[in-house]
There are 2 protein chains.
Amino acid sequence: MTAEPLPRQVGHPLATEFRLTEVLQALSDPLRLDIVATLAESGVELSCSAFHLPVTKSTSTHHFRVLREAGIVQQRYEGTARMNSLRRQDLDAVFPGLLASVLSSAVRNER
Amino acid sequence: MTAEPLPRQVGHPLATEFRLTEVLQALSDPLRLDIVATLAESGVELSCSAFHLPVTKSTSTHHFRVLREAGIVQQRYEGTARMNSLRRQDLDAVFPGLLASVLSSAVRNER
DNA sequence: TGATTGGTACGATAATAAACGTACAACGAT
DNA sequence: ATCGTTGTACGTTTATTATCGTACCAATCA
C-alpha cells in the first residue's frame with residue numbers, strides 16, 4: 001500500500017496578494033538582492049545551485065523561499081533542480097517601476 | 001564651571017554613503033513607510049509628534065533614527081520639536097526613481 | 001537497484017530589530 | 001526658577017531573521 005509520491009510543488013502568492021513591505025523586506029537582504037539582480041541580468045531561469053551562494057544549502061533554500069513568498073520569483077521543478085525566474089510582469093503590474101529602479105540602484109550602489 | 005550645553009545636533013549620512021539594502025530595509029517597515037508617505041504627501045517639514053504614531057515616544061525615536069541613518073529623512077531641531085523632511089534630492093541622485101516607485105506602490109498597495 | 005544530485009524539513013542557535021518603561025535633557029513659556 | 005512640551009538615552013524584553021547541521025526526499029543515472 002505504498003502511496004504514490006506527490007508531484008513536488010510549491011505555493012506562489014497571487015499578484016493581488018503581493019504586499020509592498022514584504023517585497024521591500026525580501027529585497028533588503030544583500031544575498032537576495034544579488035539573486036534578483038543575477039536573475040534579471042541573465043533573463044533566463046536559473047537553478048538554485050547556479051548562484052554559488054556563500055551559504056549552506058538550507059540557508060539558500062530559506063532565501064529562495066522568502067523571495068518566492070514575497071512574489072518576486074517563480075519556482076518550478078525540472079528534474080532534481082528547482083528553476084527560478086523573476087515574476088517581472090506580475091511585479092510590474094502591481095508595483096510599476098519598482099523592480100527596475102531597485103535593479104538600477106543596485107548596479108549603481110554595487111549592492 | 002558649568003559647561004554650556006551643546007547645540008543639539010544629529011549625524012546624517014552623506015549621499016555618497018547611502019546603501020541600497022539599508023534604504024530598502026528602512027522602507028520595509030509599515031510604520032516607517034507610512035511616515036515617509038506622509039512626509040511626501042505633505043511636502044513640508046513635520047515634527048515627530050505630528051504623525052500620531054501608535055507607539056510610544058521611545059519607539060518613535062527609534063523609527064526616525066532608522067530613517068535618518070538610512071539617509072531617507074533630514075532632521076533638525078526647532079525649539080523642542082524635531083522637524084523631519086524627506087531627502088528627496090539626495091535619494092533621487094543616488095537611487096533614481098526608487099522613492100517615486102515605492103511611494104506610488106504604497107498608495108496602490110494601501111501600505 | 002543503488003548511488004548521485006539538488007533540494008527540503010526540522011530543530012537549534014545567534015544576531016538583529018521592535019517595542020516598552022524609566023530617567024533625563026533642551027527649549028519655551030509662565 | 002520651575003513647569004510643560006518634545007524628544008533622547010539606556011536597559012530590557014520579545015519577536016523575527018539568518019545561519020547552520022542533520023536527516024530526508026524525489027529525480028536521474030549507472
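In what follows, chains are A, B, ... by sequence order, proteins preceding strands, each numbered from 1.
Out of D/dG4, D/dC20, C/dG6, the shortest distance to the side chain of A/Ser58 is found at D/dC20. Considering only side-chain atoms of B/Ala81, the nucleotide from D/dG21, D/dA26, D/dT6 that sits closest is D/dT6.
At whole-Å resolution of the value, CD in B/Glu78 and P in C/dA26 are 19 Å apart. At whole-Å resolution of the value, NZ in A/Lys57 and P in D/dA23 are 13 Å apart. Taking atom CZ of A/Arg65 as the reference point, atom C1' of C/dG7 lies 12 Å away to the nearest angstrom. Atom-to-atom, OH of B/Tyr77 to P of D/dG7 comes out at 9 Å; the value is rounded to the nearest Å. When the P atom of C/dA18 is taken as reference, atom CD1 of B/Ile35 falls 11 Å away, rounded to whole Å. Going from atom CG of B/Leu31 over to atom P of C/dA17 covers 16 Å, rounded to whole Å. B/Leu33 has its CG atom 16 Å from the C1' atom of C/dA18, to the nearest Å. Residue A/Met83 contributes atom CE, which lies 12 Å from atom P of C/dG6 at whole-angstrom precision.
No side-chain heavy atom of A/His12 sits under 4.5 Å from any side-chain heavy atom of A/Glu69. Considering only heavy atoms from C-beta on, B/Gln75 comes within 4.5 Å of B/Val73 through its side chain. The closest side-chain heavy-atom distance from A/Ile35 to A/Leu53 is below 4.5 Å. Proximity of B/Val94 to B/Val23: side-chain heavy atoms (C-beta onward) are nowhere separated by under 4.5 Å.
Among residues two or more places apart in sequence or in another chain, the side chain to side chain donor-acceptor pair (under 3.5 Å) test is passed with A/Gln25 by B/Ser28. Residues meeting the side-chain contact (heavy atoms from CB on, under 4.5 Å) test with B/Ser58, sequence neighbours left out: B/Thr56.
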So which protein nitrogen or oxygen atoms get under 3.5 Å of nucleotides 16-18 of chain D's nitrogens or oxygens?
from: D/dA18; atom 1: OP1; to: A/Arg32; atom 2: NH1; distance (Å): 3.4
from: D/dA18; atom 1: OP1; to: A/Arg32; atom 2: NH2; distance (Å): 3.0
from: D/dA18; atom 1: OP2; to: A/Arg32; atom 2: NH1; distance (Å): 3.3
from: D/dA18; atom 1: OP2; to: A/His62; atom 2: NE2; distance (Å): 2.9

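Pairs passing the ring pair (Phe, Tyr, Trp, His ring centres under 6.0 Å) check and including a residue from residues 13-34 of chain B, sequence neighbours excluded, do not occur. Residue pairs that meet the ring pair (Phe, Tyr, Trp, His ring centres under 6.0 Å) test with at least one member in residues 59-108 of chain B, sequence neighbours left out, are B/Phe51-B/Phe64.
With hydrogens and angles ignored, no donor-acceptor pair closer than 3.5 Å exists between the side chain of A/Thr61 and the base of C/dG7.
Salt bridge A/Glu17/A/Arg19: absent, no basic N to carboxylate O contact under 4.0 Å.
Within residues 42-52 of chain A, the residues that place at least one heavy atom under 4.0 Å from DNA chain C are, in residue-number order, A/Ser47, A/Cys48, A/Ser49.
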